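First up is the structure itself, then whatever we jot down about it.
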Amino acid sequence: MDTPGNLKTSSSEFDLDRPNIEDYLPSGSSIQEPHGKLRLRDLLDISPTLTEAAGAIVDDSFTRCFKSNPPEPWNWNVYLFPLWCCGVVIRYGILFPVRVLVLAIGWIIFLASYIPVHILLKGQDKLRKKIERCLVELICMFFVASWTGVVKYHGPRPSMRPKQVFVANHTSMIDFIILEQMTPFAVIMQKHPGWVGLLQSTILESVGCIWFNRSEAKDREIVAKKLRDHVRGADNNPVLIFPEGTCVNNHYTVMFKKGAFELDSTVCPIAIKYNKIFVDAFWNSRKQSFTMHLLQLMTSWAVVCDVWYLEPQNLRPGETPIEFAERVRDIISVRAGLKKVPWDGYLKYSRPSPKHRERKQQSFAESVLRSLEEK
């Protein structure tokens, strides 16, 4: 199994996203060092633009995590434009109808099997759950086929054992579909409206999925209790958690929530990396509905990605859940080639407060001072 070796955690939260400090400082001749020592207040006094630069850097490093980067246009010349037009005709006129047909056939087979099993086998829970797990895996396979999904799985497949939790980086809701077609995971996920919410409250509950609502403060305690009970069950499906709490654009990882790491359970990291050669799989839920996201995938050439099942990790003596979460984030980030940033993903839904941004700016300024003193 490909496992990262000596992973190094940065000593400063800006180490992984630090710009060239000298670009934001005045020339050396303009800095007067009082009494042979440069102080933080003196540095800020003589360089008022430093705090503005720090603020811009902080905002930029946060925004980049949730930005979809469109590919560079390649088709605007007399040689390539006709080929691009042919590609559009093939993708929308041939591939898309075929994919819709494949997905429709998948739903017909699924519903024709799931509804009778769910109704007629209510008295035989063990057999009913086993069949329903297989059917959920089947419909996920049809979904992946409708995108012409090319997925490579690396490492041993997950097994059903008590007291283990699987955690993965999060790019889109299709992460769950790609993982579910191989293993019947019970996922912890945000409750969605529309047809997705209907599927969550009916079909996906058959594999033990747990839903939460960010707007409900009490949901956190309820979900935590359900999660602990589920992890202890020997016959329950393995739990899958996306500890970032939101979709990130597959170039970065934001802070992991500590909930999955304080359950006194083995944590099994999963790294997911999408290849953007045919389509960007990132789902920006603030700008695009999931239906439109699926339409984008179904009209692309293919969805290409790699999935790595990494070595299970346990809490070390003297290690806090937060440190454990950061260690697992290191492992996933290194394996998938993602860049760590020191941000809470929930800030995506509420912009950072002025006090929070001021603390980040102060931290950045202090790191600048340390760098100058070392010189």
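Every value quoted in this text rests on a predicted model; they were computed, and no experiment measured them. Heavy-atom basis, side chains included; hydrogens, waters and symmetry copies ignored.
Y252 and N169 are not linked by any side-chain donor-acceptor pair at a separation below 3.5 angstrom, with hydrogens and angles left out of the test. Between the side chains of T183 and R157, not a single donor N or O lies within less than 3.5 Å of an accepting N or O. Between the side chains of T246 and H170, not a single donor N or O lies within less than 3.5 Å of an accepting N or O.
Using a 4.5 Å cut-off on side-chain heavy atoms (C-beta onward), V144 and W147 make contact. The side-chain heavy atoms of M255 and P342, taken from C-beta on, include no pair separated by under 4.5 Å. Residues I178 and Y153 form a side-chain contact, since some pair of their non-hydrogen atoms from C-beta on lies under 4.5 Å apart. Counting heavy atoms from C-beta outward, N250 and F282 have side chains that stay 4.5 Å or more apart. Between I188 and V239 the shortest side-chain heavy-atom distance falls below 4.5 Å.
Taking hydrophobic clusters as Ile, Leu, Val, Met, Phe, Trp and Tyr residues chained together by side-chain heavy-atom distances below 4.5 Å, I90 does not share a cluster with V102. Criterion: ILVMFWY side-chain heavy atoms under 4.5 Å apart, direct or through other members. Under it, I322 and V267 are not part of a common hydrophobic cluster. Follow the hydrophobic side-chain contacts under 4.5 Å out from I105 and you reach F143 in the same cluster. The cluster map of Ile, Leu, Val, Met, Phe, Trp and Tyr, joined by side-chain heavy atoms under 4.5 Å apart, puts V328 and L338 in different clusters. No path of Ile, Leu, Val, Met, Phe, Trp and Tyr side chains, each step under 4.5 Å between heavy atoms, connects L95 with V151, placing them in separate hydrophobic clusters.
Side-chain atoms of T299 come within 3.5 Å of backbone atoms of Q296 as a donor-acceptor pair (strictly under, hydrogens ignored). Checking side-chain atoms of E244 against main-chain N and O of V254 turns up a donor-acceptor pair under 3.5 Å. Proximity of a side-chain donor or acceptor of D280 to a complementary backbone N or O of K276 within less than 3.5 Å is not detected. Put simply, the side chain of E262 never gets that close to the backbone of A260: no donor and acceptor are under 3.5 Å apart. Remark: side-chain polar atoms of E323 are paired, donor with acceptor, to backbone N or O of T320 under 3.5 angstrom.
In terms of heavy-atom proximity, S300 sits nearest to V279 at CB-CB, 3.6 Å. Closest approach of E311 to P269, counting heavy atoms only: O-CD, 3.3 Å. The minimum heavy-atom distance between I272 and A336, with the atom names listed, is O-CB, 4.1 Å. Shown here for A281 and L297, the closest heavy-atom pair between the two residues is CA-CD2, 4.4 Å. The minimum heavy-atom distance linking Q288 with W283 is given by the pair O-NE1, 2.8 Å. Counting all heavy atoms, side chain and backbone alike, S146 lies closest to M298 at O-CG, 3.6 Å.
Of the inter-residue distances, the one linking C247 atom SG with I174 atom CD1 reads 9.5 Å to the nearest 0.5 angstrom. For the atom pair CG (D330) and CZ (R335), the distance works out to 14.5 Å, reported to the nearest 0.5 Å. The distance from the CG atom of D306 to the NZ atom of K273 is 10.0 Å, given to the nearest 0.5 Å. Rounding to the nearest 0.5 Å places OG1 of T253 at 4.5 Å from CZ of R329. Note that NE2 of H154 and CD1 of I270 are 13.0 Å apart. Values are rounded to the nearest 0.5 Å. Taken from CG in L263 to CZ in R228, the straight-line distance is 6.5 Å, to the nearest 0.5 Å.
F278 pairs with exactly one of T148, V303, V304, V150 by the side chain to side chain contact (heavy atoms under 4.5 Å, CB included) rule, that one being V304.
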T171 and V248: side-chain contact (heavy atoms from CB on, under 4.5 Å), yes or no, with the steps?
CA-CA 5 Å; T171 305; V248 186; over 6 Å; no
E319 vs R327, test: side-chain contact (heavy atoms from CB on, under 4.5 Å). Steps then yes/no. CA-CA 10 Å; E319 190 176 40; R327 180 161 59 86; 2.9 Å; yes
message = Using side-chain contact (heavy atoms from CB on, under 4.5 Å), reason through K339 and S333 one step at a time and then give a plain yes or no.
response = CA-CA 6 Å; K339 192 174 184 179; S333 300; over 6 Å; no
(request) Report the C-alpha distance between E132 and R128 in whole Å, list the side-chain angles of each, state the deciding distance to 0.1 Å, and finish with yes or no for salt bridge (charged side-chain N to carboxylate O under 4.0 Å, His left out). (result) CA-CA 6 Å; E132 286 178 349; R128 176 175 59 84; 3.5 Å; yes
(request) Apply the test side-chain contact (heavy atoms from CB on, under 4.5 Å) to residues L80 and N77: give CA-CA distance (whole Å), side-chain angles for both, the deciding distance (0.1 Å), then the verdict. (result) CA-CA 6 Å; L80 296 177; N77 63 58; 3.6 Å; yes
Y92 vs F96, ring-ring contact (aromatic ring centres under 6.0 Å, His included): CA-CA, chis, key distance, verdict: CA-CA 5 Å; Y92 285 85; F96 179 63; 7.0 Å; no
Test D175 against Y274 for side-chain hydrogen bond (donor to acceptor under 3.5 Å, both in side chains), laying out the working first.
CA-CA 10 Å; D175 299 337; Y274 292 93; 2.4 Å; yes
| message | Apply ring-ring contact (aromatic ring centres under 6.0 Å, His included) to residues F185 and F166 and explain how you reach the verdict. | response | CA-CA 9 Å; F185 285 112; F166 291 81; 5.2 Å; yes
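Note: H118 and Y114 have parallel aromatic rings, judged against thresholds of 30 and 60 degrees for the angle between ring planes. Using cut-offs of 30° and 60° for the angle between ring planes, the F324 and F261 rings count as perpendicular.
Residues passing the ring-ring contact (aromatic ring centres under 6.0 Å, His included) test with F81, sequence neighbours excluded: W76, W84. Remark: M141 engages Q181 in a side chain to side chain contact (heavy atoms under 4.5 Å, CB included) (not counting sequence neighbours).
Remark: aromatic rings of F142 and W107 are distant, center separation not under 6.0 Å.
The local environment of CG in L111 is crowded, with over 12 non-hydrogen atoms from other residues, nucleotides or ligands closer than 6.0 Å.
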